[in-house]
Amino acid sequence: MKIPQIPTHAPYSDRQRAWLSGFFAGMHTHIIQSAGSANSADVRLVHILYGSQTGNAESVANDAANLAKNHGLKPIVKSMAEIDVDAFAGMDYLLLITSTYGEGEMPDNAQLLWEAACSTGLPNLEHLHYSVLALGDTGYDLFCQAGKDWDEKLAAHGAIRLYERVDCDVDFEEPAQNWLAAVIPQMAEGASGTVIDLTAPQSDKPLYHRKNPFPAKLLVNRILTADASSKETRHYEISIAGSGLSYEAGDALCIVPTNDPQLVTDILTAIGCKGDEMEPVNGELMSLQVALQNLFEIKLPSKEFVQEIAKRSGDQELNGILASGDKEPLSDYLWGRDILDLLLQFPNSEFAAAEFLALLKPLQHRAYSISSSGKLHPETVHLTVASVRYDSHNRHHKGVCSTFLADLVEADTDVRCFFTPNKAFRVPDDDSLPIIMVGPGTGVAPFRAFLQERQFRNAPGKNWLFFGERNSATDFFYQDELLAMQASGLLTHLDLAFSRDQEEKIYVQDRMLDSAAELFAWLEAGGHFYVCGDAYRMAKDVDKALHEVIATQGQLSEQQAADYVNQLKKDKRYVRDVY
Ligand SMILES: Cc1cc2nc3c(=O)[nH]c(=O)nc-3n(C[C@H](O)[C@H](O)[C@H](O)COP(=O)(O)OP(=O)(O)OC[C@H]3O[C@@H](n4cnc5c(N)ncnc54)[C@H](O)[C@@H]3O)c2cc1C
Ligand SMILES: NC(=O)c1ccc[n+]([C@@H]2O[C@H](COP(=O)([O-])OP(=O)(O)OC[C@H]3O[C@@H](n4cnc5c(N)ncnc54)[C@H](OP(=O)(O)O)[C@@H]3O)[C@@H](O)[C@H]2O)c1
Ligand SMILES: Cc1cc2nc3c(=O)[nH]c(=O)nc-3n(C[C@H](O)[C@H](O)[C@H](O)COP(=O)(O)O)c2cc1C
């Protein structure tokens with residue numbers, strides 16, 4: 001069977017599903033070889049499993065399915081939450097695509113399957129041909145750990161690695177495309193099926209995505225916290241009028257920022273460059289100043305940059321930490337230190353322009369959970385963003401994107417943005433079901449959107465919001481709106497936890513425990529439980545409190561409560577948007 005080559009220049013999907021489905025579905029294809037006699041029983045099945053928190057791995061899985069079809073294969077795409085370990089016994093060909101979350105952990109929808117694979121184990125997999133695509137971010141210590149873990153686990157159970165695992169950094173599209181282009185023809189080898197010509201031209205490419213963001217205008221920049229607050233959180237409204245774009249409550253908007261011009265100037269001074277040095281970047285000749293302003297991460301130091309600084313300075317402490325290979329002392333050392341801090345701290349910090357650029361990572365977009373309903377606000381997207389500002393190492397530091405929005409956007413500035421759908425994080429289809437939303441801090445964002453959505457739909461189901469911040473007088477975001485929703489009956493319960501209004505800390509999980517009986521009753525009535533906000537402390541503690549509520553109110557053992565929670569996850573009634 002002749003298998004056509006996929007053109008390596010073929011454009012690839014970003015996170016937006018539309019592009020991907022459009023890629024193959026919309027293009028002009030023609031059959032170049034038909035296995036006329038092959039009936040559906042002869043067609044080779046390829047299982048495509050994905051573990052995905054915010055949709056990247058899911059989008060690659062959908063691409064994989066389209067491509068597999070075009071190679072005469074029959075793809076079966078499933079989230080890892082949809083299968084159990086026994087299902088592996090029935091697979092002969094498997095593409096496993098997963099991101100990594102938390103600190104080297106599985107994304108939420110892969111977590112239960114992974115736990116089962118570790119505890120009860122997988123069946124014998126000597127019949128299984130597989131390959132893993134791992135999505136991650138080299139900025140994290142445990143890069144692509146979830147993909148690495150699955151790759152090892154499958155091999156340990158005898159599965160045949162048909163193609164080496166590929167680990168993708170933040171710019172995952174091209175390596176993912178290359179992986180698909182290599183692995184799918186291998187999976188199709190020897191199979192009977194209909195092969196489609198992939199060299200036909202493609203059409204229907206969606207206009208806006210990561211590589212081509214929509215140049216939106218910022219309509220509203222309003223501070224939510226009072227002057228006396230210890231924090232600064234802002235409400236933004238961004239116009240998408242005329243873009244043809246739409247979104248759902250639960251989706252995120254990604255913003256592509258530019259860097260603070262003052263930071264660029266300070267870095268140029270520190271490295272001994274003028275800024276007018278011309279350098280090729282992404283095939284284009286541009287000045288160092290322009291490149292630093294627009295295209296490179298100049299705040300968070302890359303590992304290569306830290307290593308170079310350690311080498312040049314010969315600093316004992318830093319070299320000792322690097323030599324130990326221990327991640328924790330290094331992140332402790334780097335906490336609160338940015339690139340400029342390191343340049344200023346050590347001598348020999350002069351760099352030639354090209355040498356400096358080679359040590360930087362590309363400037364990445366930042367994701368924000370949308371705080372409006374696209375039905376109520378089809379032409380604007382609302383965001384709720386905490387401005388990152390802190391003092392350390394004798395300097396004032398500013399988060400790149402949050403302060404780009406807060407300080408740098410003028411009337412004529414384009415706010416370059418694109419959507420990332422989060423299909424797992426949605427209000428229930430059944431409007432009569434109760435929903436429980438736990439969203440302290442900026443975690444309230446998607447729940448404002450959910451409440452607008454439920455209002456728009458006239459959903460009769462009850463709504464319960466747990467919100468928390470530091471002080472009620474200064475940090476009660478959207479106070480008027482939320483109280484009005486409570487008064488109108490839309491918000492059945494609004495439970496507040498202001499952590500610093502009293503001596504001892506009170507958090508949202510304390511409020512959950514205060515209302516344990518009713519919370520359990522809502523779950524028993526088919527309620528959906530949502531969490532948004534800080535992943536590292538809050539979401540873990542809320543999870544613990546949820547187990548406690550279920551154990552005490554359901555009179556269940558620890559194990560039975562864990563089973564109950566796992567069932568909620570399987571039923572997609574316990575979902576999180578945590579960061
Ligand atoms: C799916 C998703 C949804 C999100 N939704 C929201 C949202 O709705 N609202 C929101 O505000 N954010 C949200 N975020 C977080 C957001 O994407 C950015 O990470 C955040 O705005 C910080 O970006 P920045 O560019 O301003 O800061 P960066 O330039 O990325 O700097 C942040 C870094 O600064 C350092 N730092 C921060 N504070 C301190 C400190 N006190 N001391 C020392 N060092 C410090 C840390 O290294 C930290 O990683 C979301 C993230 C994800 C993944
Ligand atoms: N890594 C860090 O040290 C750190 C610190 C702050 C924020 N962040 C990140 O910054 C982003 C924005 O934060 P944010 O402005 O939305 O607010 P946030 O920092 O999450 O704070 C919102 C509220 O949650 C409380 N809180 C703190 N620890 C908690 C816990 N374990 N359980 C429940 N509630 C807890 C805070 O109380 P108190 O502040 O009074 O404890 C505050 O009242 C998030 O991504 C967050 O992860 C990180
Ligand atoms: C809160 C958070 C934690 C993350 N932790 C890791 C990590 O430990 N290791 C890693 O390689 N990538 C990590 N990532 C990066 C994601 O794996 C990466 O962005 C991936 O493309 C997301 O794909 P998804 O949308 O399919 O979930 C993390 C991202 C976030 C937002």
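Both ligands and their constituent atoms are indexed starting at 1 by order of listing. Keep in mind that what you see is a predicted model, and the values were worked out from it rather than measured.
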Can you check whether a protein heavy atom sits less than 4.0 angstrom from atom 22 (C) of ligand 2?
yes

Using heavy atoms and a threshold below 4.0 Å, how should the contact between Tyr140 and ligand 3 be classified: side chain, backbone, both, or neither?
side chain

Just going by heavy-atom distances, which of Cys144, Ser59, Gly139 is nearest to atom 11 (O) of ligand 3?
Cys144

Do the rings of Trp150 and Trp114 sit parallel, tilted or perpendicular, given the 30° and 60° boundaries?
perpendicular

Strictly less than 4.0 Å: does any protein heavy-atom distance to atom 19 (O) of ligand 2 fall in that range?
yes

Protein heavy atoms: any of them under 4.0 Å from atom 10 (O) of ligand 2?
no

Which protein non-hydrogen atom lies closest to atom 8 (O) of ligand 1, naming both residue and atom, and how far is it?
Ser369 N, 3.3 Å

May I ask you to identify, for Thr442, whether its side chain, its backbone, both or neither come under 4.0 Å of ligand 2 on a heavy-atom basis?
both

Atom 5 (C) of ligand 2 protein-contacted, heavy-atom criterion under 4.0 angstrom
yes

How far is atom 46 (C) of ligand 1 from its nearest protein heavy atom, and which residue and atom is that?
Trp335 CZ3, 3.4 Å

Structural part of Arg500 in contact with ligand 2, heavy atom criterion under 4.0 angstrom:
side chain

What protein heavy atom is closest to atom 9 (N) of ligand 1, reported as residue, atom name and distance in Å?
Thr384 O, 2.8 Å

So between Tyr390, Tyr236, Tyr368, whose heavy atom ends up nearest atom 38 (N) of ligand 1?
Tyr390

Atoms in ligand 1 with a heavy atom of Asp577 nearer than 4.0 Å:
1 (C)

Nearest protein heavy atom with distance in Å, relative to atom 16 (C) of ligand 1
Ala367 O, 3.4 Å

Measure up the Phe418 and His365 rings against each other and bin them: parallel (under 30°), tilted (30 to 60°), perpendicular (over 60°).
perpendicular

Quickly, which of Leu357, Asn259, Thr258 forms a side chain to side chain contact (heavy atoms under 4.5 Å, CB included) with Leu292? Name it, please.
Leu357

Have a look at ligand 3 and work out which part of Leu142, if any, has a heavy atom under 4.0 Å from it: side chain, backbone, both or neither.
backbone

With heavy atoms under 4.0 Å as the rule, classify the contact between Lys231 and ligand 2 as side chain, backbone, both or neither.
side chain

Can a non-hydrogen atom of Ala252 be found less than 4.0 Å from any atom of ligand 1?
no

What do you reckon, does Thr233 put a non-hydrogen atom under 4.0 Å from ligand 1?
no

